[in-house]
Amino acid sequence: MPIQNFQQSKKNTSEYVIQELNKWGITKIYRGFSFHSLIAEINGIESGSTILFRCELDALPIQEDNDFAHRSIKDGVSHKCGYDGHAATMFRFAQNLIFLTNYSK
């Protein structure tokens, strides 16, 4: 469900993300620097540079006028910029990093 930034339910989205990352063994999660933002740290097997990947989870205050099955069900709010896709992509990316790190050990 789309959630605009600064709303209390946005915290619920962040908590969901934390729970899922914890299930995969990601426990270095930093928060408190920008509303409900998160940083999850996944360490590789070699030392070196750090790379940061980010995604947005916010929705926009725009009425969804589409009629396809994956449209917003929340009146006046929608994912017009693909933020839900960003989140799904980053979840898969995190899973792949964990797999590659564990596979390479």
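Being a predicted model, the structure only gives us computed values, none of them experimental.
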If you measure from OG1 on Thr27 to CD1 on Ile18, what distance do you get to the nearest 0.5 Å?
-> 12.0 Å
Between atom CG of Leu38 and atom CD of Glu15, what is the distance when rounded to the nearest 0.5 Å?
-> 8.0 Å
State yes or no: do Ile51 and Leu97 share one hydrophobic cluster built from I, L, V, M, F, W and Y residues joined by side-chain heavy-atom distances below 4.5 Å, directly or via other members?
-> yes
Counting heavy atoms not belonging to Asn66, are there more than 12 under 6.0 Å from its CG?
-> yes
Can you list the residues that meet the side-chain contact (heavy atoms from CB on, under 4.5 Å) rule with Ile39, with sequence neighbours excluded?
-> Tyr30, Phe33
Quick one: CZ on Phe93 to CD1 on Ile42, what's the gap to the nearest 0.5 Å?
-> 7.5 Å
Can you sort out the partners of Leu21 under side-chain contact (heavy atoms from CB on, under 4.5 Å), two or more places apart, ordered by chain and number?
-> Val17, Trp24, Ile26, Ile29, Ala40, Phe91, Ala94
With sequence neighbours excluded, tell me which residues meet ring pair (Phe, Tyr, Trp, His ring centres under 6.0 Å) with Phe68.
-> His70
